[in-house]
Amino acid sequence: MIIRKAKQSELEQVISLSPQAIYDGTLGEVMPSGEKVKSLVNPLLDKGGFYFIAVENDEILGWVLVGTTKDQFTEKPSGFIYELYLRQQYRGKGYSKRLMDAAIEHFQAEGLTEIRLSAKVDNPAVRMYEIMGFTTRTVSMSLNIE
């Protein structure tokens with residue numbers, strides 16, 4: 001298995017699998033259309049974001065979508081993990097950590113000093129993020145008033 005930046009020719013396949021990635025990442029709350037995914041991803045790609053993909057025998061096993069953002073108060077730039085996804089059959093093999101390591105190395109090479117991400121509190125990936133050293137920085141809360 002190798003990890004590398006996705007080629008332009010591979011973006012369509014990644015984006016076609018992204019509705020499932022968002023569904024899994026939101027713990028089954030959201031299954032966006034392909035058009036919705038494109039409307040979310042294309043602005044990130046236009047601003048310099050890109051995918052690192054895990055590939056084996058020309059098959060995409062998973063990916064991490066990386067980009068940069070600025071703190072809303074300080075304007076300080078930081079790296080941002082927008083999406084991490086492993087196809088179901090490749091989970092539990094350490095590939096997610098290897099994708100995250102590639103993203104971290106990229107951000108370090110860019111001279112950034114902080115990386116942020118968002119995840120549902122019950123997402124199993126949160127434990128991996130904590131093991132990797134990520135800490136809770138802010139809390140987003142909601143109240144269902146139906």
Side-chain angles (χ1 to χ4, degrees), residues 1-6 10-56 60-146:
M1 193 265 312
I2 61 167
I3 293 175
R4 60 172 170 74
K5 284 185 181 180
E10 295 164 323
L11 287 180
E12 193 62 39
Q13 182 181 2
V14 169
I15 290 171
S16 74
L17 295 168
S18 285
Q20 184 66 47
I22 292 170
Y23 180 81
D24 290 356
T26 61
L27 307 177
E29 287 185 17
V30 178
M31 177 59 97
S33 67
E35 287 306 310
K36 180 63 175 177
V37 168
K38 288 178 185 177
S39 76
L40 295 169
V41 170
N42 285 338
L44 298 174
L45 299 177
D46 290 344
K47 289 184 355 186
F50 63 90
Y51 289 94
F52 277 117
I53 58 173
V55 181
E56 189 169 75
I60 297 173
L61 314 182
W63 61 82
V64 60
L65 174 58
V66 301
T68 57
T69 189
K70 287 186 179 180
D71 184 277
Q72 63 184 343
F73 299 113
T74 67
E75 295 292 317
K76 181 180 175 185
S78 62
F80 203 91
I81 306 292
Y82 290 98
E83 183 176 80
L84 173 66
Y85 181 69
L86 257 291
R87 295 169 74 185
Q88 184 69 39
Q89 64 268 37
Y90 302 110
R91 295 178 188 171
K93 301 178 188 303
Y95 298 153
S96 290
K97 183 177 181 318
R98 291 182 57 192
L99 282 163
M100 289 294 291
D101 287 341
I104 291 166
E105 289 172 18
H106 164 74
F107 291 133
Q108 287 174 323
E110 292 291 311
L112 297 170
T113 58
E114 183 180 29
I115 303 168
R116 297 182 182 180
L117 57 80
S118 294
K120 288 286 214 176
V121 69
D122 292 329
N123 188 322
V126 169
R127 181 71 185 126
M128 178 194 65
Y129 300 143
E130 291 170 339
I131 290 169
M132 294 185 77
F134 284 82
T135 59
T136 302
R137 186 172 185 281
T138 61
V139 175
S140 175
M141 300 175 77
S142 67
L143 172 66
N144 187 342
I145 55 172
E146 285 186 71

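Here CG of L99 is found 11.5 Å from CG of L65. Values are rounded to the nearest 0.5 Å. To the nearest 0.5 angstrom, Q89 atom CD is 8.0 Å from L61 atom CG. Atom CZ of R116 and atom CZ of R137 lie 3.5 Å apart (nearest 0.5 Å). Atom CZ of F80 and atom OG of S118 lie 4.0 Å apart (nearest 0.5 Å). Within the model, atoms CG of D24 and CD of E83 stand 10.0 Å from one another, a figure rounded to the nearest 0.5 Å. How far CG of L40 is from CD1 of I22: 6.0 Å, rounded to the nearest 0.5 Å.
Between R87 and Q13, the closest heavy-atom pair is NH1-NE2, 4.3 Å. Nearest heavy-atom pair, P32 versus P19, reported as atom, atom and distance to 0.1 Å: O-CB, 3.3 Å. The shortest non-hydrogen separation linking F52 to A102 is CE1-O, 3.7 Å. Scanning all heavy atoms of the two residues, the minimum distance from W63 to A21 falls at CZ2-CB, 3.8 Å. Contact record, N123 with G25: ND2-O, 3.5 Å, taken as the closest heavy-atom pair.
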Exercise for the section: Show your working on side chain to side chain contact (heavy atoms under 4.5 Å, CB included) between K70 and K76 and close with a plain yes or no. Expected result: CA-CA 5 Å; K70 287 186 179 180; K76 181 180 175 185; over 6 Å; no
Exercise for the section: Could you please spell out the steps behind the side chain to side chain contact (heavy atoms under 4.5 Å, CB included) verdict for V41 and Y82? Expected result: CA-CA 9 Å; V41 170; Y82 290 98; over 6 Å; no
Handout entry: Evaluation steps, side chain to side chain contact (heavy atoms under 4.5 Å, CB included), between V14 and E12
Key = CA-CA 5 Å; V14 169; E12 193 62 39; over 6 Å; no
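Side-chain contact between R91 and S96: absent, with no pair of heavy atoms (C-beta onward) separated by less than 4.5 Å. Looking at F50 and L11, their side chains never come closer than 4.5 Å, going by heavy atoms from C-beta outward. Residues M1 and V55 are not in side-chain contact: their nearest non-hydrogen atoms beyond the backbone lie 4.5 Å or more apart. Using a 4.5 Å heavy-atom cutoff, the side chains of T68 and S78 are not in contact. A 4.5 Å side-chain heavy-atom check between Y85 and S18 finds every atom pair outside the cut-off. Residues M100 and M132 form a side-chain contact, since some pair of their non-hydrogen atoms from C-beta on lies under 4.5 Å apart. The shortest side-chain heavy-atom distance between Y23 and V30 does not fall under the 4.5 Å cut-off. For the pair I81/V64, a side-chain contact is recorded, criterion being any heavy-atom separation below 4.5 Å from C-beta on.
Remark: T136 pairs with no residue by the side-chain hydrogen bond (donor to acceptor under 3.5 Å, both in side chains) rule, at least two apart or across chains. Scanning for side-chain hydrogen bond (donor to acceptor under 3.5 Å, both in side chains) contacts around R127 gives an empty result, with sequence neighbours left out.
Among pairs with a residue in residues 33-51, none fulfils side-chain hydrogen bond (donor to acceptor under 3.5 Å, both in side chains), at least two apart in sequence or across chains.
Between K93 and E56, none of the side-chain N atoms (NZ, or NE/NH1/NH2) sits under 4.0 Å from a carboxylate O, so this pair counts as no salt bridge. Salt bridge annotation for E10-K5: absent, with no cationic side-chain nitrogen under 4.0 angstrom from a carboxylate oxygen. Ionic pairing of K120 and E29 is present here: one or more N-O contacts between side-chain nitrogen and carboxylate oxygen are shorter than 4.0 angstrom.
Looking only at distances, no side-chain donor or acceptor of R4 sits under 3.5 Å from a matching main-chain atom of I53.
Between Y95 and Y90, the ring planes lie tilted relative to each other; the angle falls in the 30° to 60° range.
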